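Reading through the C-alpha coordinates given below for one structure.
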There are 2 protein chains.
Amino acid sequence: MDNLFLRKVERQVRLPEAARAALGDLARQQIRHVAARQDLVGHDTGPHHAHLILDGWACRYRQFPDGRRAIVALLLPGDLCDPYRVHRIRADHAVGALTALTVARLAPEALDEAARAHPAIEACFRREMLAALALQREWTAGVGRRSAIERLAHLFCELHLRLAAVGLVADATFPMPVTQPDLADALGQTSVHINRTLRELRAAGLIELRGRRLTIRDLPGLKALALFDPAYLYWA
Amino acid sequence: MDNLFLRKVERQVRLPEAARAALGDLARQQIRHVAARQDLVGHDTGPHHAHLILDGWACRYRQFPDGRRAIVALLLPGDLCDPYRVHRIRADHAVGALTALTVARLAPEALDEAARAHPAIEACFRREMLAALALQREWTAGVGRRSAIERLAHLFCELHLRLAAVGLVADATFPMPVTQPDLADALGQTSVHINRTLRELRAAGLIELRGRRLTIRDLPGLKALALFDPAYLYWA
DNA sequence: CGAATGGTTGATGGAACTCAACATCGGTGG
DNA sequence: CCACCGATGTTGAGTTCCATCAACCATTCG
(Lines give C-alpha, C1' and ligand atoms only; values in the text may rest on other atoms or scores of the structure.)
Protein backbone atom coordinates (compact mmCIF):
# COMPACT_ATOMS: atom_id res chain seq x y z
CA MET A 1 0.00 0.00 0.00
CA ASP A 2 1.23 3.46 -0.79
CA ASN A 3 1.49 5.79 2.14
CA LEU A 4 -1.42 8.03 2.97
CA PHE A 5 0.53 11.25 2.68
CA LEU A 6 1.01 10.50 -1.00
CA ARG A 7 -2.65 9.70 -1.39
CA LYS A 8 -3.63 13.00 0.20
CA VAL A 9 -1.16 14.97 -1.90
CA GLU A 10 -2.14 13.40 -5.16
CA ARG A 11 -5.78 14.24 -4.69
CA GLN A 12 -4.72 17.80 -5.32
CA VAL A 13 -1.53 17.87 -7.39
CA ARG A 14 0.00 15.42 -9.78
CA LEU A 15 3.56 14.61 -8.77
CA PRO A 16 6.32 13.82 -11.23
CA GLU A 17 7.18 10.12 -11.12
CA ALA A 18 10.62 10.79 -9.63
CA ALA A 19 9.20 12.92 -6.84
CA ARG A 20 6.58 10.34 -5.99
CA ALA A 21 9.23 7.65 -5.84
CA ALA A 22 11.46 9.78 -3.64
CA LEU A 23 8.60 10.48 -1.23
CA GLY A 24 7.70 6.82 -1.16
CA ASP A 25 11.28 5.84 -0.38
CA LEU A 26 11.48 8.35 2.44
CA ALA A 27 8.46 6.83 4.11
CA ARG A 28 9.89 3.32 4.00
CA GLN A 29 12.97 4.12 6.07
CA GLN A 30 13.05 3.74 9.82
CA ILE A 31 9.55 2.55 10.53
CA ARG A 32 8.83 2.83 14.25
CA HIS A 33 6.05 1.63 16.46
CA VAL A 34 5.03 3.66 19.45
CA ALA A 35 2.64 2.56 22.20
CA ALA A 36 -0.35 4.68 23.11
CA ARG A 37 0.44 7.41 25.67
CA GLN A 38 4.13 7.43 24.73
CA ASP A 39 5.85 10.58 23.49
CA LEU A 40 7.41 10.78 20.06
CA VAL A 41 8.95 14.11 20.92
CA GLY A 42 9.26 15.35 24.47
CA HIS A 43 8.93 18.86 25.85
CA ASP A 44 12.64 18.97 26.45
CA THR A 45 13.77 17.33 23.27
CA GLY A 46 16.11 19.45 21.19
CA PRO A 47 16.10 19.49 17.39
CA HIS A 48 14.53 16.23 16.31
CA HIS A 49 13.48 14.07 13.39
CA ALA A 50 10.44 14.64 11.29
CA HIS A 51 7.71 12.01 11.34
CA LEU A 52 5.21 10.75 8.86
CA ILE A 53 2.17 9.24 10.54
CA LEU A 54 1.44 5.93 8.85
CA ASP A 55 -1.15 4.56 11.22
CA GLY A 56 -2.79 5.67 14.45
CA TRP A 57 -3.41 9.09 15.95
CA ALA A 58 -1.05 11.44 17.71
CA CYS A 59 -1.29 14.91 19.16
CA ARG A 60 0.80 17.95 19.81
CA TYR A 61 0.35 19.08 23.35
CA ARG A 62 1.66 21.49 25.89
CA GLN A 63 2.01 20.47 29.49
CA PHE A 64 1.89 23.27 32.04
CA PRO A 65 3.96 23.11 35.21
CA ASP A 66 0.84 22.81 37.37
CA GLY A 67 -0.46 19.78 35.50
CA ARG A 68 -2.88 21.36 33.09
CA ARG A 69 -2.52 20.06 29.57
CA ALA A 70 -3.53 21.59 26.26
CA ILE A 71 -3.73 19.51 23.11
CA VAL A 72 -3.08 21.97 20.32
CA ALA A 73 -3.28 19.69 17.30
CA LEU A 74 -4.35 16.21 16.26
CA LEU A 75 -2.07 14.32 13.89
CA LEU A 76 -3.81 11.80 11.69
CA PRO A 77 -2.57 9.11 9.32
CA GLY A 78 -0.97 10.79 6.33
CA ASP A 79 0.10 13.85 8.29
CA LEU A 80 3.67 15.01 8.00
CA CYS A 81 5.00 16.28 11.27
CA ASP A 82 7.67 19.00 11.18
CA PRO A 83 8.99 18.70 7.62
CA TYR A 84 11.23 21.68 8.25
CA ARG A 85 14.10 21.51 10.64
CA VAL A 86 13.42 23.12 13.95
CA HIS A 87 16.45 24.87 15.34
CA ARG A 88 15.26 25.46 18.85
CA ILE A 89 17.27 24.33 21.81
CA ARG A 90 14.14 23.25 23.60
CA ALA A 91 10.83 22.29 22.04
CA ASP A 92 7.87 24.46 22.97
CA HIS A 93 5.58 21.45 23.02
CA ALA A 94 5.55 17.67 22.88
CA VAL A 95 4.13 15.14 20.44
CA GLY A 96 2.44 12.13 21.96
CA ALA A 97 0.71 9.02 20.70
CA LEU A 98 -3.02 8.91 21.41
CA THR A 99 -3.29 5.36 20.09
CA ALA A 100 -0.76 2.73 19.14
CA LEU A 101 1.17 4.39 16.36
CA THR A 102 3.19 3.51 13.32
CA VAL A 103 5.41 6.28 12.02
CA ALA A 104 8.26 6.74 9.59
CA ARG A 105 11.13 8.64 11.16
CA LEU A 106 12.59 10.99 8.64
CA ALA A 107 16.11 12.36 8.97
CA PRO A 108 16.22 16.12 8.44
CA GLU A 109 19.10 15.71 6.00
CA ALA A 110 17.10 13.30 3.87
CA LEU A 111 14.18 15.74 3.75
CA ASP A 112 16.40 18.66 2.81
CA GLU A 113 17.94 16.53 0.12
CA ALA A 114 14.60 15.43 -1.28
CA ALA A 115 13.26 18.98 -1.25
CA ARG A 116 16.32 20.25 -3.06
CA ALA A 117 16.19 17.53 -5.68
CA HIS A 118 12.45 17.80 -6.36
CA PRO A 119 10.70 21.17 -6.45
CA ALA A 120 7.39 19.33 -6.23
CA ILE A 121 8.41 17.90 -2.88
CA GLU A 122 9.48 21.29 -1.63
CA ALA A 123 6.04 22.55 -2.65
CA CYS A 124 4.38 19.72 -0.73
CA PHE A 125 6.31 20.50 2.42
CA ARG A 126 5.42 24.14 2.14
CA ARG A 127 1.80 23.33 1.62
CA GLU A 128 1.83 21.06 4.65
CA MET A 129 3.20 23.94 6.70
CA LEU A 130 0.62 26.39 5.40
CA ALA A 131 -2.08 23.82 6.08
CA ALA A 132 -0.85 23.34 9.64
CA LEU A 133 -0.83 27.08 10.17
CA ALA A 134 -4.36 27.55 8.85
CA LEU A 135 -5.57 24.66 10.96
CA GLN A 136 -3.94 26.12 14.03
CA ARG A 137 -5.63 29.46 13.40
CA GLU A 138 -8.99 27.78 13.14
CA TRP A 139 -8.42 25.98 16.42
CA THR A 140 -7.47 29.24 18.08
CA ALA A 141 -10.61 30.89 16.74
CA GLY A 142 -12.68 27.93 17.85
CA VAL A 143 -11.63 27.73 21.48
CA GLY A 144 -11.86 31.49 21.64
CA ARG A 145 -15.29 32.05 20.20
CA ARG A 146 -17.21 28.80 19.83
CA SER A 147 -19.41 27.32 22.54
CA ALA A 148 -18.78 23.85 23.91
CA ILE A 149 -21.23 22.12 21.60
CA GLU A 150 -20.10 24.11 18.58
CA ARG A 151 -16.50 23.18 19.23
CA LEU A 152 -17.27 19.51 19.41
CA ALA A 153 -19.42 19.64 16.31
CA HIS A 154 -16.70 21.57 14.51
CA LEU A 155 -14.04 19.05 15.43
CA PHE A 156 -16.15 16.23 14.05
CA CYS A 157 -16.71 18.10 10.79
CA GLU A 158 -12.98 18.71 10.53
CA LEU A 159 -12.07 15.10 11.24
CA HIS A 160 -14.64 13.96 8.72
CA LEU A 161 -12.96 15.93 5.94
CA ARG A 162 -9.40 15.26 7.00
CA LEU A 163 -9.97 11.54 7.26
CA ALA A 164 -11.93 11.47 4.02
CA ALA A 165 -8.89 13.01 2.31
CA VAL A 166 -6.91 9.88 3.18
CA GLY A 167 -9.74 7.48 2.47
CA LEU A 168 -10.59 6.56 6.04
CA VAL A 169 -14.26 7.48 5.91
CA ALA A 170 -16.94 5.07 4.76
CA ASP A 171 -20.65 5.75 5.04
CA ALA A 172 -20.09 8.89 7.07
CA THR A 173 -18.36 6.66 9.62
CA PHE A 174 -14.78 6.96 10.73
CA PRO A 175 -12.49 6.00 13.61
CA MET A 176 -12.62 8.29 16.64
CA PRO A 177 -10.13 6.82 19.11
CA VAL A 178 -9.76 9.98 21.19
CA THR A 179 -10.86 9.54 24.80
CA GLN A 180 -13.08 12.09 26.49
CA PRO A 181 -10.26 13.38 28.72
CA ASP A 182 -8.20 13.91 25.57
CA LEU A 183 -11.08 15.63 23.81
CA ALA A 184 -11.38 17.86 26.84
CA ASP A 185 -7.75 18.94 26.60
CA ALA A 186 -8.11 19.51 22.87
CA LEU A 187 -11.22 21.64 23.15
CA GLY A 188 -10.36 23.48 26.33
CA GLN A 189 -13.02 21.90 28.50
CA THR A 190 -13.41 19.18 31.13
CA SER A 191 -14.11 15.57 30.35
CA VAL A 192 -17.35 15.75 32.32
CA HIS A 193 -18.66 18.50 30.14
CA ILE A 194 -17.47 16.76 26.99
CA ASN A 195 -19.54 13.81 28.06
CA ARG A 196 -22.69 15.88 28.52
CA THR A 197 -22.13 17.66 25.24
CA LEU A 198 -21.71 14.38 23.41
CA ARG A 199 -25.01 13.30 24.86
CA GLU A 200 -26.61 16.45 23.49
CA LEU A 201 -25.21 15.82 20.02
CA ARG A 202 -26.52 12.28 20.12
CA ALA A 203 -29.91 13.38 21.41
CA ALA A 204 -30.15 15.89 18.58
CA GLY A 205 -29.68 13.03 16.13
CA LEU A 206 -26.52 14.55 14.72
CA ILE A 207 -24.02 11.83 15.53
CA GLU A 208 -23.60 8.34 16.82
CA LEU A 209 -20.50 7.33 18.73
CA ARG A 210 -19.85 3.78 19.79
CA GLY A 211 -16.78 1.65 20.15
CA ARG A 212 -14.30 4.28 19.04
CA ARG A 213 -16.18 4.82 15.79
CA LEU A 214 -18.15 7.91 14.91
CA THR A 215 -21.04 8.07 12.49
CA ILE A 216 -22.34 11.40 11.35
CA ARG A 217 -26.11 11.09 11.11
CA ASP A 218 -26.83 14.61 9.89
CA LEU A 219 -23.86 16.30 8.27
CA PRO A 220 -25.65 19.47 7.17
CA GLY A 221 -27.07 19.87 10.65
CA LEU A 222 -23.69 19.32 12.26
CA LYS A 223 -22.02 21.82 9.93
CA ALA A 224 -24.68 24.43 10.59
CA LEU A 225 -24.34 24.01 14.33
CA ALA A 226 -20.55 24.24 14.13
CA LEU A 227 -20.51 27.27 11.82
CA PHE A 228 -18.24 25.07 9.76
CA ASP A 229 -16.46 26.60 6.78
CA PRO A 230 -13.91 24.26 5.15
CA ALA A 231 -11.90 27.14 3.65
CA TYR A 232 -9.07 26.50 6.11
CA LEU A 233 -8.50 22.86 5.16
CA TYR A 234 -5.81 22.76 2.50
CA TRP A 235 -5.74 19.07 1.83
CA ALA A 236 -9.37 18.17 2.20
CA MET B 1 16.13 53.85 9.05
CA ASP B 2 16.54 50.19 8.35
CA ASN B 3 13.36 48.20 8.57
CA LEU B 4 12.50 46.40 11.76
CA PHE B 5 12.30 42.97 10.19
CA LEU B 6 15.98 43.24 9.41
CA ARG B 7 16.72 44.41 12.92
CA LYS B 8 14.85 41.44 14.37
CA VAL B 9 16.55 38.97 12.04
CA GLU B 10 20.03 40.26 12.65
CA ARG B 11 19.72 39.88 16.38
CA GLN B 12 19.89 36.16 15.69
CA VAL B 13 21.71 35.51 12.44
CA ARG B 14 24.24 37.50 10.51
CA LEU B 15 23.08 38.02 6.94
CA PRO B 16 25.42 38.24 3.98
CA GLU B 17 25.65 41.79 2.70
CA ALA B 18 23.86 40.92 -0.54
CA ALA B 19 20.95 39.29 1.27
CA ARG B 20 20.58 42.23 3.61
CA ALA B 21 20.53 44.61 0.68
CA ALA B 22 17.96 42.52 -1.16
CA LEU B 23 15.69 42.40 1.89
CA GLY B 24 16.09 46.13 2.35
CA ASP B 25 15.17 46.78 -1.26
CA LEU B 26 12.09 44.61 -1.01
CA ALA B 27 10.81 46.64 1.90
CA ARG B 28 11.21 49.91 0.07
CA GLN B 29 8.88 49.05 -2.78
CA GLN B 30 5.18 49.86 -2.67
CA ILE B 31 4.85 51.49 0.71
CA ARG B 32 1.19 51.72 1.64
CA HIS B 33 -0.70 53.48 4.39
CA VAL B 34 -3.82 51.91 5.81
CA ALA B 35 -6.24 53.57 8.19
CA ALA B 36 -7.18 51.93 11.47
CA ARG B 37 -10.07 49.43 11.15
CA GLN B 38 -9.42 48.91 7.44
CA ASP B 39 -8.66 45.47 6.03
CA LEU B 40 -5.37 44.71 4.32
CA VAL B 41 -6.70 41.37 3.24
CA GLY B 42 -10.40 40.51 3.28
CA HIS B 43 -12.11 37.25 4.09
CA ASP B 44 -12.97 36.80 0.46
CA THR B 45 -9.72 37.92 -1.05
CA GLY B 46 -8.06 35.35 -3.25
CA PRO B 47 -4.28 34.86 -3.44
CA HIS B 48 -2.74 38.13 -2.32
CA HIS B 49 0.46 40.02 -1.71
CA ALA B 50 2.68 39.54 1.27
CA HIS B 51 3.13 42.44 3.67
CA LEU B 52 5.90 43.67 5.86
CA ILE B 53 4.61 45.69 8.79
CA LEU B 54 6.70 48.84 9.04
CA ASP B 55 4.68 50.77 11.56
CA GLY B 56 1.47 50.24 13.51
CA TRP B 57 -0.35 47.10 14.63
CA ALA B 58 -2.52 44.72 12.64
CA CYS B 59 -4.33 41.47 13.38
CA ARG B 60 -5.45 38.32 11.68
CA TYR B 61 -9.05 37.68 12.49
CA ARG B 62 -11.92 35.45 11.61
CA GLN B 63 -15.42 36.84 11.34
CA PHE B 64 -18.24 34.39 11.91
CA PRO B 65 -21.50 34.70 10.03
CA ASP B 66 -23.41 35.59 13.20
CA GLY B 67 -21.13 38.50 14.04
CA ARG B 68 -18.74 36.91 16.48
CA ARG B 69 -15.13 37.75 15.78
CA ALA B 70 -11.96 35.98 16.79
CA ILE B 71 -8.58 37.68 16.57
CA VAL B 72 -6.13 34.85 16.06
CA ALA B 73 -2.87 36.78 15.80
CA LEU B 74 -1.38 40.19 16.39
CA LEU B 75 1.01 41.54 13.78
CA LEU B 76 3.60 43.97 15.09
CA PRO B 77 6.16 46.19 13.41
CA GLY B 78 8.83 44.02 11.85
CA ASP B 79 6.48 41.11 11.27
CA LEU B 80 6.40 39.55 7.84
CA CYS B 81 2.92 38.53 6.85
CA ASP B 82 2.52 35.53 4.51
CA PRO B 83 5.99 35.26 2.97
CA TYR B 84 4.87 32.16 1.15
CA ARG B 85 2.33 32.28 -1.59
CA VAL B 86 -1.09 31.16 -0.52
CA HIS B 87 -2.86 29.25 -3.24
CA ARG B 88 -6.34 29.22 -1.81
CA ILE B 89 -9.31 30.46 -3.76
CA ARG B 90 -10.73 32.08 -0.69
CA ALA B 91 -8.84 33.22 2.39
CA ASP B 92 -9.81 31.50 5.63
CA HIS B 93 -9.35 34.73 7.56
CA ALA B 94 -8.79 38.45 7.14
CA VAL B 95 -5.99 40.81 8.09
CA GLY B 96 -7.07 44.14 9.52
CA ALA B 97 -5.34 47.26 10.79
CA LEU B 98 -5.78 47.86 14.52
CA THR B 99 -4.06 51.23 14.29
CA ALA B 100 -3.00 53.44 11.41
CA LEU B 101 -0.57 51.26 9.55
CA THR B 102 2.42 51.56 7.25
CA VAL B 103 3.24 48.42 5.32
CA ALA B 104 5.40 47.39 2.41
CA ARG B 105 3.44 45.39 -0.11
CA LEU B 106 5.58 42.59 -1.45
CA ALA B 107 4.85 40.90 -4.74
CA PRO B 108 4.97 37.10 -4.44
CA GLU B 109 7.22 36.92 -7.48
CA ALA B 110 9.73 39.28 -5.91
CA LEU B 111 9.80 37.17 -2.74
CA ASP B 112 10.25 33.94 -4.65
CA GLU B 113 13.05 35.56 -6.58
CA ALA B 114 14.80 36.85 -3.48
CA ALA B 115 14.46 33.50 -1.72
CA ARG B 116 15.93 31.70 -4.72
CA ALA B 117 18.83 34.10 -5.07
CA HIS B 118 19.74 34.16 -1.36
CA PRO B 119 19.57 31.03 0.77
CA ALA B 120 19.80 33.22 3.85
CA ILE B 121 16.55 34.91 2.86
CA GLU B 122 14.87 31.58 2.27
CA ALA B 123 15.99 30.60 5.77
CA CYS B 124 14.49 33.81 7.17
CA PHE B 125 11.15 33.16 5.55
CA ARG B 126 11.10 29.65 6.86
CA ARG B 127 11.96 30.80 10.31
CA GLU B 128 9.18 33.36 10.17
CA MET B 129 6.75 30.57 9.27
CA LEU B 130 7.95 28.33 12.06
CA ALA B 131 7.74 31.24 14.47
CA ALA B 132 4.17 31.99 13.38
CA LEU B 133 3.23 28.35 13.87
CA ALA B 134 4.75 28.14 17.33
CA LEU B 135 3.04 31.38 18.29
CA GLN B 136 -0.27 30.12 17.02
CA ARG B 137 0.09 26.94 19.04
CA GLU B 138 0.79 28.93 22.17
CA TRP B 139 -2.32 31.02 21.58
CA THR B 140 -4.39 27.89 21.11
CA ALA B 141 -3.03 26.45 24.34
CA GLY B 142 -3.66 29.73 26.12
CA VAL B 143 -7.32 30.24 25.25
CA GLY B 144 -7.86 26.56 25.93
CA ARG B 145 -6.25 26.23 29.32
CA ARG B 146 -5.41 29.59 30.82
CA SER B 147 -7.79 31.61 32.97
CA ALA B 148 -8.79 35.15 32.04
CA ILE B 149 -6.14 36.84 34.13
CA GLU B 150 -3.46 34.40 33.07
CA ARG B 151 -4.25 35.00 29.42
CA LEU B 152 -3.97 38.74 29.76
CA ALA B 153 -0.75 38.46 31.73
CA HIS B 154 0.63 36.06 29.17
CA LEU B 155 -0.19 38.36 26.28
CA PHE B 156 1.64 41.21 27.97
CA CYS B 157 4.70 39.05 28.56
CA GLU B 158 4.64 38.00 24.92
CA LEU B 159 4.27 41.55 23.63
CA HIS B 160 7.06 42.65 25.90
CA LEU B 161 9.49 40.22 24.32
CA ARG B 162 8.27 40.61 20.76
CA LEU B 163 8.46 44.38 20.90
CA ALA B 164 11.82 44.27 22.65
CA ALA B 165 13.12 42.23 19.72
CA VAL B 166 12.48 45.20 17.44
CA GLY B 167 13.65 47.80 19.92
CA LEU B 168 10.26 49.21 20.87
CA VAL B 169 10.54 48.67 24.60
CA ALA B 170 12.14 51.21 26.90
CA ASP B 171 12.06 50.97 30.69
CA ALA B 172 9.65 48.05 30.61
CA THR B 173 7.25 50.36 28.79
CA PHE B 174 5.86 49.82 25.33
CA PRO B 175 2.96 50.86 23.10
CA MET B 176 -0.29 48.95 23.67
CA PRO B 177 -2.75 50.42 21.19
CA VAL B 178 -5.19 47.52 21.30
CA THR B 179 -8.65 48.49 22.54
CA GLN B 180 -10.45 46.43 25.16
CA PRO B 181 -12.99 45.09 22.65
CA ASP B 182 -10.08 43.97 20.47
CA LEU B 183 -8.32 42.39 23.43
CA ALA B 184 -11.55 40.57 24.17
CA ASP B 185 -11.70 39.09 20.68
CA ALA B 186 -8.03 38.12 20.89
CA LEU B 187 -8.34 36.39 24.26
CA GLY B 188 -11.76 34.86 23.80
CA GLN B 189 -13.57 36.97 26.38
CA THR B 190 -15.82 39.99 26.61
CA SER B 191 -14.59 43.56 26.83
CA VAL B 192 -16.33 43.97 30.17
CA HIS B 193 -14.38 41.14 31.66
CA ILE B 194 -11.15 42.36 30.10
CA ASN B 195 -11.74 45.62 31.86
CA ARG B 196 -12.20 44.00 35.25
CA THR B 197 -9.18 41.77 34.71
CA LEU B 198 -7.02 44.75 33.81
CA ARG B 199 -8.11 46.35 37.03
CA GLU B 200 -7.00 43.26 38.90
CA LEU B 201 -3.58 43.30 37.26
CA ARG B 202 -3.20 46.95 38.15
CA ALA B 203 -4.36 46.39 41.70
CA ALA B 204 -1.81 43.60 42.07
CA GLY B 205 0.89 46.08 41.13
CA LEU B 206 1.90 44.07 38.08
CA ILE B 207 1.22 46.58 35.33
CA GLU B 208 0.30 50.14 34.60
CA LEU B 209 -1.71 51.01 31.50
CA ARG B 210 -2.40 54.58 30.52
CA GLY B 211 -2.75 56.37 27.24
CA ARG B 212 -2.10 53.37 25.03
CA ARG B 213 1.18 52.67 26.76
CA LEU B 214 1.85 49.73 29.02
CA THR B 215 4.44 49.61 31.77
CA ILE B 216 5.29 46.32 33.38
CA ARG B 217 5.82 47.01 37.06
CA ASP B 218 6.68 43.47 38.12
CA LEU B 219 7.89 41.29 35.28
CA PRO B 220 8.75 38.21 37.36
CA GLY B 221 5.36 38.40 39.01
CA LEU B 222 3.60 38.76 35.69
CA LYS B 223 5.50 35.83 34.20
CA ALA B 224 4.75 33.63 37.17
CA LEU B 225 1.06 34.46 37.01
CA ALA B 226 0.97 33.80 33.26
CA LEU B 227 2.92 30.53 33.44
CA PHE B 228 5.06 32.21 30.82
CA ASP B 229 7.73 30.18 29.07
CA PRO B 230 9.43 32.00 26.19
CA ALA B 231 10.46 28.77 24.44
CA TYR B 232 7.90 29.37 21.70
CA LEU B 233 9.19 32.80 20.66
CA TYR B 234 11.64 32.29 17.83
CA TRP B 235 12.71 35.86 17.29
CA ALA B 236 12.68 37.19 20.80
C1' DC C 1 -19.68 70.49 19.58
C1' DG C 2 -22.16 66.40 19.21
C1' DA C 3 -21.93 61.57 17.97
C1' DA C 4 -19.54 57.46 18.15
C1' DT C 5 -16.35 54.67 20.19
C1' DG C 6 -14.04 53.08 24.15
C1' DG C 7 -13.75 52.59 29.20
C1' DT C 8 -15.82 51.69 33.85
C1' DT C 9 -18.91 49.85 37.18
C1' DG C 10 -23.01 47.27 39.17
C1' DA C 11 -26.52 43.62 39.16
C1' DT C 12 -27.89 39.29 37.45
C1' DG C 13 -27.71 34.94 34.90
C1' DG C 14 -25.89 30.91 32.85
C1' DA C 15 -22.46 27.88 30.69
C1' DA C 16 -19.09 25.21 32.14
C1' DC C 17 -16.24 23.60 36.23
C1' DT C 18 -15.68 20.88 40.51
C1' DC C 19 -16.50 17.21 43.38
C1' DA C 20 -18.23 12.80 44.04
C1' DA C 21 -20.12 8.48 43.17
C1' DC C 22 -20.92 4.70 40.37
C1' DA C 23 -21.06 1.99 35.88
C1' DT C 24 -18.59 0.08 32.09
C1' DC C 25 -14.96 -1.28 29.30
C1' DG C 26 -10.67 -3.43 28.14
C1' DG C 27 -6.67 -5.53 29.19
C1' DT C 28 -3.76 -8.66 32.12
C1' DG C 29 -2.55 -12.29 34.89
C1' DG C 30 -3.81 -16.01 37.81
C1' DC D 1 -11.63 -18.36 31.06
C1' DC D 2 -12.70 -15.56 34.42
C1' DA D 3 -11.48 -12.30 38.07
C1' DC D 4 -9.51 -8.30 38.84
C1' DC D 5 -7.89 -3.62 38.16
C1' DG D 6 -7.15 0.68 36.11
C1' DA D 7 -8.84 3.71 32.77
C1' DT D 8 -12.76 5.56 30.73
C1' DG D 9 -17.54 6.85 30.60
C1' DT D 10 -21.81 8.55 32.95
C1' DT D 11 -24.68 11.05 36.00
C1' DG D 12 -26.05 14.24 39.90
C1' DA D 13 -25.47 18.34 43.02
C1' DG D 14 -23.44 22.47 44.04
C1' DT D 15 -20.29 26.26 42.70
C1' DT D 16 -17.63 29.63 40.03
C1' DC D 17 -16.03 32.25 36.57
C1' DC D 18 -17.22 34.83 33.09
C1' DA D 19 -21.11 36.54 30.04
C1' DT D 20 -25.00 39.46 29.68
C1' DC D 21 -27.58 43.52 30.37
C1' DA D 22 -27.61 48.17 31.54
C1' DA D 23 -26.18 52.28 32.82
C1' DC D 24 -22.97 56.10 32.85
C1' DC D 25 -18.38 58.56 32.00
C1' DA D 26 -14.36 59.77 29.06
C1' DT D 27 -12.21 60.39 24.88
C1' DT D 28 -11.58 61.06 20.22
C1' DC D 29 -12.80 62.57 15.89
C1' DG D 30 -15.48 64.41 12.17
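Residue numbering restarts at 1 for every chain, and letters A, B, ... go by the order of the sequence lines. This structure is a prediction, so every number in the text was calculated from the model and none was measured.
Within the 4.0 angstrom heavy-atom criterion, no nucleotide atom of any strand lies near A:Gly211. Backbone-only engagement by A:Thr179 is indicated by non-hydrogen atom pairs under 4.0 Å involving sugar-phosphate atoms exclusively.
Each of A:Arg151 and B:Val178 has a nearest nucleotide on DNA chain C; the 5'-most of these lies closest to B:Val178.
Whole-Å rounding puts the A:Leu214 CG to D:dG9 P distance at 13 Å. Spacing between atom CZ of B:Arg37 and atom P of C:dT5 amounts to 10 Å, rounded to whole angstrom units. Rounding to whole angstrom units, CD of residue B:Glu200 and C1' of D:dT16 are separated by 14 Å. Distance CG (B:Asn195) to P (D:dC25): 16 Å, rounded to an integer number of Å. Per the geometry, CE belonging to B:Met176 stands 13 Å off C1' belonging to C:dG6, to the nearest Å. The CD atom of A:Gln189 sits 13 Å away from the P atom of C:dA15 (whole-angstrom rounding). When the C1' atom of D:dC17 is taken as reference, atom CZ of B:Arg146 falls 18 Å away, rounded to whole Å. Between the CD atom of A:Gln180 and the P atom of C:dT24 there is a distance of 15 Å, rounded to whole Å.
Between A:Cys59 and A:Ile71, the shortest heavy-atom contact is CB-CG2, 3.7 Å. Closest approach of A:Val166 and A:Pro77 over heavy atoms only: CG1-O, 3.7 Å.
Proximity of a side-chain donor or acceptor of A:Arg151 to a complementary backbone N or O of A:Arg146 within less than 3.5 Å is detected. No donor-acceptor pair closer than 3.5 Å links the side chain of A:Arg105 to the backbone N or O of A:Arg32.
A:Arg199 has no side-chain polar atom (N or O) that falls below the 4.0 Å cut-off from OP1 or OP2 of D:dT10.
Using modelled atom types, one finds no donor on one side chain facing an acceptor on the other under 3.5 Å when comparing B:Gln136 with A:Trp139.
B:Arg196 contributes no side-chain N or O that forms a donor-acceptor pair with the base of C:dG7 under 3.5 Å. Judged by distance alone, with hydrogens and angles left aside, B:Arg212 brings no side-chain donor or acceptor close enough to the base of C:dG6 to form a pair under 3.5 Å.
Closest approach to the B:Ser147 side chain among D:dT8, D:dC18, D:dT20 is made by D:dC18 (side chain taken as heavy atoms from C-beta onward). Here the nucleotide nearest the side chain of B:Val192, chosen from C:dC17, C:dA16, D:dC21, is D:dC21.
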